Amino acid sequence: MEKEFKDFFLHYAKTAFIFFFISGLLGAILRLTFFQPIPGLNYKFTLHGHSHVIFLGWIFNVLFLGFNYVLNQNHPISNWKKYNIVFWLLQLTVVGMLIFFPIQGYALWSIIFSTANIFISYSYVFFYFRDVRKMTILKDSLSIGLIKWALIFLAISTIGPFSLGPVIAMGYAESDWYYLAIYFYLHFQYNGLFTFGVLGLLFGILEKNGIIYDRKKARRFLTLMIISCFLSLALSALWTHPPDYIYIIGVISVIIQLIAFYDGISLYRSFRQQLFTLAKGKVVWLIKLSLLAFVIKILLQSLSAIPEVADMAFQNRNFIIAYLHLIFLGFISFFLIAWLIHHHFINQYSRAVGLGLILLVTGFTISELLIGFQPYLFKLFPAVASYYYPMLFWCSLLMPVGILFLLVNNRHRPGSEKEVHFI
């Protein structure tokens, strides 16, 4: 059984990286269309395909792997077949979305596949909770607690997509209600599923290796994060100039989040030395990059409680894009890659992997700077405008190329602890 579930995990990791590469390539192609139109390519439709693939094909697939890994490290599961079936059914829906979103946007077949993905993910949540409930040993596991809340937020986030149909049917397409439904989904994905999922995997490493931390403070951190996640939904609505009580809720959510952040940093400092003694090489600096992105995320999210900042962000699409990329690439993806390296799904000693990480981080960093500071670049250096989109395209292309290098690993050699045993 040990070999069986390891084989499952290896296939999950490889599949996730293939979708990561495809999504990165689509992102670069989208940047190309700004100065080199591609006949027959619909920008908006392709953007839908890009976003769905990176969410569901890359991030959720690695979280799926990680959640099952943490569950198994606490108490080996006797039957992995149900999870394997769920995983491959989910991949079928992602392939369907990859094909039909760029062709037709939100239409019959893309909606069928995206809806099927949601219902299949419900089955995963059900199976996971049922297996956790059977294991009394997991009662005090903070990693499992975080993962359970990540899956709860996954289920809550789906209210957003399901509400789009009625909103459009009532004639409110492209209205505030339409965008609020989208932001509802994004909020509980980014601040719920993704954030709690990453934290669950981090504490899974600590628990597996017996690293001691203040459990009382950790529980308070979890409680405050949960409360903040619900209340900070108000921040996603400030651009609509809502009633005063929405602003008050937003400010309260920021205060709670900052207290939780303080607790989180205090916890991190208490186990940092042990973690970095355990982790090696590239894992350490990837975690540090992820933490830096998380700190910037908290800062920007807190500033969004200021109405003028919320208005500016909504009116400038580049700020929103830079912020979203900061989270799912800088915070989430860098940590997930670190987690995969730490658990030997990627060979950090491979030169290809080293080059791939350099290209990925470089492409991400320069792209973020170009997107986030575009208005100021054009004002300060007007001549940059004619070169801006080609520069953005070539920097964006570094990311899928880097991801491709991560796929080109040396195979595991028997007796070598430094070699990977996947791909």
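Being a predicted model, the structure only gives us computed values, none of them experimental.
- In this structure, Trp285 and Leu357 have side chains that are in contact, with non-hydrogen atoms separated by less than 4.5 Å.
- Between Met97 and Val53 there is no side-chain heavy-atom pair separated by less than 4.5 Å.
- Ring planes of Phe153 and Trp149: tilted class, angle from 30 to 60°.
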Note to self: Working note: Leu201 + Phe67, criterion side chain to side chain contact (heavy atoms under 4.5 Å, CB included); need CA distance, chi angles, decisive distance, verdict.
What the structure shows: CA-CA 7 Å; Leu201 298 187; Phe67 294 171; 4.0 Å; yes
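- Taking CD1 from Ile118 and OG from Ser123, the interatomic distance works out to 12.5 Å, rounded to the nearest 0.5 Å.
- Two residues are said to be in side-chain contact when any heavy atoms from C-beta on lie closer than 4.5 Å; Phe405 and Ile358 fail this criterion.
- Inter-residue side-chain proximity for Leu235 and Val254 is flagged as met; some heavy-atom pair is nearer than 4.5 Å.
- In this structure, the side chains of Ile120 and Leu92 stay at 4.5 Å or more apart for every pair of heavy atoms.
- Centroid-to-centroid, the aromatic rings of Phe101 and Tyr106 come within less than 6.0 Å.
- Checked against a 6.0 Å centroid threshold, the rings of Phe335 and Phe294 do not count as neighbours.
- Ring centroids of Phe328 and His325 are separated by less than 6.0 Å, placing the two rings close together.
- For the pair Ile112/Leu108, a side-chain contact is recorded, criterion being any heavy-atom separation below 4.5 Å from C-beta on.
- Residue Phe194 is tested with Ile332, Leu336, Leu154 for a side-chain contact (heavy atoms from CB on, under 4.5 Å); the sole match is Ile332.
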Checklist line | Worked verdict on Tyr190 versus Phe331 for ring pair (Phe, Tyr, Trp, His ring centres under 6.0 Å) | finding: CA-CA 10 Å; Tyr190 281 80; Phe331 169 41; 9.8 Å; no
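- Atom OH of Tyr268 is surrounded by more than 12 heavy atoms from other residues, nucleotides or ligands within 6.0 Å.
- Residues Lys282 and Tyr349 bring no donor and acceptor atom of their side chains to less than 3.5 Å of each other.
- Taking the six-membered ring for Trp and thresholds of 30 and 60 degrees, Tyr179 and Tyr183 have ring planes inclined between 30 and 60 degrees apart.
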Checklist line | Stepwise salt bridge (charged side-chain N to carboxylate O under 4.0 Å, His left out) test for Arg219 and Asp263 | finding: CA-CA 10 Å; Arg219 289 291 173 186; Asp263 281 346; over 6 Å; no
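- For the atom pair OG of Ser121 and CZ of Phe64, the computed distance is 10.5 Å after rounding to the nearest 0.5 Å.
- Contact of the Arg133 side chain with the Arg130 side chain is registered, since non-hydrogen atoms from C-beta on lie closer than 4.5 Å.
- Around CH2 of Trp394, the count of heavy atoms belonging to other residues, nucleotides or ligands within 6.0 Å does not exceed 12.
- The six-membered or imidazole ring of Trp58 lies near that of Phe17, with a centre-to-centre distance under 6.0 Å.
- Note that the CD1 atom of Ile182 and the NE2 atom of His187 stand 15.5 Å from one another [nearest 0.5 Å].
- Annotation for Tyr262: atom OH does not count as buried by contact number, only 12 or fewer foreign heavy atoms lying within 6.0 Å.
- In summary, the side chains of Tyr213 and Glu207 do present a donor paired with an acceptor at a separation below 3.5 Å, with no hydrogens or angles considered.
- Between Thr240 and Ala237, the closest heavy-atom pair is OG1-O, 2.5 Å.
- In this structure, Lys297 places its NZ atom where more than 12 heavy-atom neighbours from other residues, nucleotides or ligands lie under 6.0 Å away.
- Taking the ring centroids of Phe55 and Phe60, they lie at or beyond the 6.0 Å cut-off.
- For the pairing with Tyr122, the ring-ring contact (aromatic ring centres under 6.0 Å, His included) check across Phe126, Phe119, Tyr124 returns one residue only, Phe119.
- When the shell of 6.0 Å around CH2 of Trp109 is examined, it contains 12 or fewer heavy atoms from other residues, nucleotides or ligands.
- Side-chain atoms of Gln91 and Asn61 form a donor-acceptor pair, as typed in the model, at a separation below 3.5 Å.
- Residues Val94 and His52 have side chains not in contact (no heavy-atom distance under 4.5 Å, counting atoms from C-beta outward).
- Taking OG of Ser290 as the start and CH2 of Trp339 as the end, the distance is 14.5 Å to the nearest 0.5 Å.
- Between the CD1 atom of Ile327 and the CG atom of Leu186 there is a distance of 9.0 Å, given to the nearest 0.5 Å.
- Here Leu32 contributes atom CG and Leu26 contributes atom CG; the two are 12.0 Å apart, rounded to the nearest 0.5 Å.
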Note to self: For Asn191 and Met225: C-alpha separation, side-chain torsions, deciding distance, then whether side chain to side chain contact (heavy atoms under 4.5 Å, CB included) applies.
What the structure shows: CA-CA 9 Å; Asn191 300 306; Met225 286 287 291; over 6 Å; no
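- Residues Phe184 and Phe188 place their aromatic rings such that the two centres sit under 6.0 Å apart.
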Margin query: Walk me through whether Val295 and Leu299 qualify under side chain to side chain contact (heavy atoms under 4.5 Å, CB included).
Written below: CA-CA 6 Å; Val295 171; Leu299 175 63; 5.6 Å; no
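- Residues Asn72 and Tyr83 have side chains that never bring a donor and an acceptor to within less than 3.5 angstrom of each other.
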